[in-house]
Trainee: 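Below you will find the structure I want to go over with you.
Just so it is clear, the structure is predicted and the values come from calculations on it, not from any experiment. Any value given below was found using the heavy atoms of this structure, including those in side chains, with hydrogens, waters and symmetry copies removed. Letters A, B, ... mirror the listed sequences (proteins, then strands); counts begin at 1.
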There are 2 protein chains.
Amino acid sequence: MTLAVPKLRSCNDCPIRYSAVCSKCEPDELLQLEEIKYYRTYAAGQPIFFGGDPLEFVGSVVSGVSSLMRTLPDGRVQMVGLLLPGDFMGRPNRDTIDCDVVAETDVMLCCFRRKPFEKMILDTPHVGQRLLEMTLDELDAAREWMLVLGRKTAREKIASLLHMIAVRMASLQPGETAETTFTLPITRETMANYLGLTIETVSRQMSALKKDGLIAFDERRDIRVPDLDALRAETGEEGF
Amino acid sequence: MTLAVPKLRSCNDCPIRYSAVCSKCEPDELLQLEEIKYYRTYAAGQPIFFGGDPLEFVGSVVSGVSSLMRTLPDGRVQMVGLLLPGDFMGRPNRDTIDCDVVAETDVMLCCFRRKPFEKMILDTPHVGQRLLEMTLDELDAAREWMLVLGRKTAREKIASLLHMIAVRMASLQPGETAETTFTLPITRETMANYLGLTIETVSRQMSALKKDGLIAFDERRDIRVPDLDALRAETGEEGF
DNA sequence: CGATTCATTGATGTCGGTCAAGCTTAGTGG
DNA sequence: CCACTAAGCTTGACCGACATCAATGAATCG
């Protein structure tokens with residue numbers, strides 16, 4: 001099997017040059033980053049980190065989608081983060097990682113060795129500043145997700161997840177947005193683990209949303225949203 | 001009614017001098033901070049911010065406890081953060097705040113005017129670095145909480161909340177830890193809103209934990225935990 | 001002392017979980 | 001080319017954990 005990942009020569013070609021942790025860097029800072037950077041690829045389904053492992057590197061998702069997950073000793077799983085291209089992975093100033101990280105699709109990472117990266121945070125202001133921005137955004141997203149998990153119904157949860165993915169995927173591919181279409185990067189099981197539901201409930205609610213004309217799909221993963229606002233109205237976040 | 005807040009003369013007297021966002025500052029940096037800082041107090045129950053309001057200041061909790069909450073249009077509420085002394089409040093680089101913030105007890109804040117504080121993040125490395133650390137810690141905590149909300153039973157949720165508060169309160173009051181005792185800073189309703197439960201379920205599970213000897217209380221808020229490890233065993237996070 | 005807020009407890013209902021069967025698709029090997 | 005298998009998904013029947021509805025108690029306050 002071959003990985004569907006882009007060939008990359010330099011940071012100038014990089015699809016995430018202006019959204020990732022390096023996006024505020026000046027040319028000289030970029031040169032410093034280049035010295036501690038290397039690329040890695042993972043096939044869909046592969047683990048990237050195991051929770052508790054020593055953290056050798058941090059980095060950016062260049063292409064593909066990966067998930068952060070936490071697991072209880074008896075096997076219950078909760079996804080706690082969805083990393084799309086540009087998102088940052090890993091935790092500076094900590095020796096181990098506290099989540100499992102898995103590649104949901106084929107994934108390409110731009111990795112930085114952790115120790116020198118931590119030094120750059122101290123010495124190179126634009127890296128630390130951008131990382132702070134990104135971390136604050138992720139904290140906002142995590143809190144938004146707490147509301148979904150704690151207070152929404154199954155139907156609202158599914159609508160929220162589909163809406164979020166549709167919006168985030170659309171923002172990655174600038175262009176027309178007449179009718180939103182995207183390929184779900186995750187399985188029904190992963191959806192269930194995001195939403196604190198079972199796979200059966202996910203399936204039922206997907207069918208219900210389909211029957212109600214809010215989404216359409218034949219291939220199980222290729223979702224079409226005829227009316228993004230109508231879908232949003234199902235998330236519970238809209239007035240009446 | 002008078003507020004139970006400490007009198008404070010200078011940063012040297014400050015109870016959170018070595019844990020808050022200013023904890024890494026050198027004396028000259030502290031002087032800069034002092035110029036943009038002022039204290040405010042809030043009585044228990046008072047709002048501190050309304051979601052969507054312009055964000056005039058950011059700051060640290062000096063004493064007391066406050067909550068971040070998100071609300072759905074139909075009134076459902078989810079607490080998304082518990083701010084104890086030393087914790088940071090507000091969101092640099094954003095004009096509005098996206099959560100309501102309320103004082104759960106009498107609260108004293110050390111406030112910084114937002115604009116000059118944002119400038120200090122750019123100019124004063126130790127402020128930004130400490131804020132990054134704190135934000136990463138909060139992100140970890142939020143993800144931990146997503147697991148609680150998504151995958152734990154009502155009993156496990158209550159045990160998790162009590163355990164977390166017991167540990168965090170204990171870490172604020174250095175000293176003996178023979179038997180853990182603390183005053184719950186929040187009502188049953190707030191507990192329910194943290195855990196994605198109803199107040200009735202919270203009450204029933206509190207009674208159940210009391211009957212099983214895992215916690216003890218007469219006054220509804222004064223909790224005694226005879227065995228912190230036994231309580232932790234009820235959180236679902238332990239092996240078997 | 002009403003009035004109000006907060007908490008507890010009981011009776012009943014329901015949403016989503018559990019258990020189970022069957023379908024579709026992709027991959028493997030005869 | 002066709003079994004055979006396995007993974008992923010869908011659907012149905014049933015059940016249980018937690019929500020809802022309701023009554024009461026305890027503490028606080030004007």
Trainee: Under a 4.0 Å N-O cut-off, is there an ion pair linking E238(A) with R232(A)?
Mentor: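 Salt bridge: yes.
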Trainee: Are any of T153(A)'s side-chain N or O atoms less than 4.0 Å away from OP1 or OP2 of dC15(C)?
Mentor: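 Result: no.
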Trainee: Tell me: CD of E200(A) to P of dC23(C), nearest whole Å?
Mentor: 18 Å
Trainee: Can you measure L195(B) atom CG to dC18(D) atom P for me and round it to whole angstrom units?
Mentor: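 Distance, rounded to whole Å: 12 Å.
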Trainee: The side chain of R220(B) is closest to which nucleotide in this list: dT8(C), dC9(D), dG17(C)?
Mentor: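 Per side-chain heavy atoms of R220(B), the pick is dT8(C).
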Trainee: Is the distance from OP1 or OP2 of dG17(C) to the nearest side-chain N or O of T201(A) less than 4.0 Å?
Mentor: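 Yes, such a contact exists.
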Trainee: Rounded to whole angstrom units, what separation is found between the CD atom of E189(A) and the C1' atom of dT10(D)?
Mentor: 15 Å
Trainee: If I take atom NZ in residue K152(B) and atom P in nucleotide dG17(C), what distance separates them, rounded to the nearest angstrom?
Mentor: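 Distance check: K152(B) NZ to dG17(C) P gives 18 Å.
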Trainee: Kindly assign one of parallel, tilted or perpendicular to the pair F57(A) and F49(A), based on the angle between their ring planes and the thresholds 30° and 60°.
Mentor: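 Plane angle between 30° and 60°, so tilted.
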Trainee: Specify the residue among V202(A) and F217(B) whose closest nucleotide of DNA chain C lies further upstream toward the 5′ end.
Mentor: F217(B)
Trainee: Report yes or no: do E104(A) and S67(A) form a side-chain donor-acceptor pair below 3.5 Å?
Mentor: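 The criterion, which ignores hydrogens and geometry beyond distance, is satisfied for S67(A) and E104(A).
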Trainee: Between C1' on dC15(C) and CD on E156(A), what's the gap in Å once rounded to a whole number?
Mentor: 12 Å
Trainee: Choose from dG17(C), dC9(D), dA11(C) the nucleotide whose nearest atom is closest to any side-chain atom of L197(A).
Mentor: dG17(C)
Trainee: Name the residue closer to the 5' end of DNA chain C, choosing between E219(A) and R188(B) according to the nucleotide with the nearest heavy atom.
Mentor: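 By nearest-heavy-atom nucleotide position, the 5'-most residue is R188(B).
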Trainee: May I ask you to check if R188(B) and F217(B) form a cation-pi contact, with NZ or CZ under 6.0 angstrom from the six-membered ring centre and within 45° of the axis?
Mentor: yes
Trainee: Under 3.5 Å, is there a donor on one side chain and an acceptor on the other for R76(B) and N193(B)?
Mentor: no
Trainee: Measure the distance from CE on M206(B) to P on dT8(C) and round it to the nearest whole Å.
Mentor: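 My rounded result for the distance is 7 Å.
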Trainee: Between R151(A) and I199(A), which has a closest nucleotide on DNA chain D that is more 5'?
Mentor: I199(A)
Trainee: Please classify the nucleic acid contact of R155(B) as base, sugar-phosphate, or nothing, using heavy-atom distances under 4.0 Å.
Mentor: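 Counting heavy atoms under 4.0 Å across all strands, no contact is made by R155(B).
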Trainee: CG of L184(B) to CD1 of I223(B): how many Å apart, nearest 0.5 Å?
Mentor: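 Between L184(B) CG and I223(B) CD1, I get 4.5 Å after rounding to 0.5 Å.
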Trainee: Using a heavy-atom cut-off of 4.0 Å across all strands, would you classify T187(B) as base, sugar-phosphate, or nothing?
Mentor: sugar-phosphate
Trainee: Looking only at N and O atoms, is any donor in the side chain of R204(A) or the base of dT18(C) less than 3.5 Å from an acceptor on the other one?
Mentor: yes
Trainee: Please determine whether a side-chain nitrogen or oxygen atom of S203(A) lies at a distance below 4.0 Å from atom OP1 or OP2 of dT11(D).
Mentor: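 S203(A) to dT11(D) OP1/OP2: no side-chain N or O under 4.0 Å.
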Trainee: With a cut-off of less than 4.0 Å, is there a side-chain N or O of R221(A) near OP1 or OP2 of dC9(D)?
Mentor: yes
Trainee: For L209(A) and dT10(D), what is the distance between atoms CG and P respectively, to the nearest whole Å?
Mentor: 12 Å
Trainee: Rounding to a whole Å, what distance do you find between D218(A):CG and dT10(D):C1'?
Mentor: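 To the nearest whole Å, that distance equals 15 Å.
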Trainee: Describe the nucleic acid contact of G45(B) in one word from base, sugar-phosphate, nothing, applying a heavy-atom distance below 4.0 Å.
Mentor: nothing
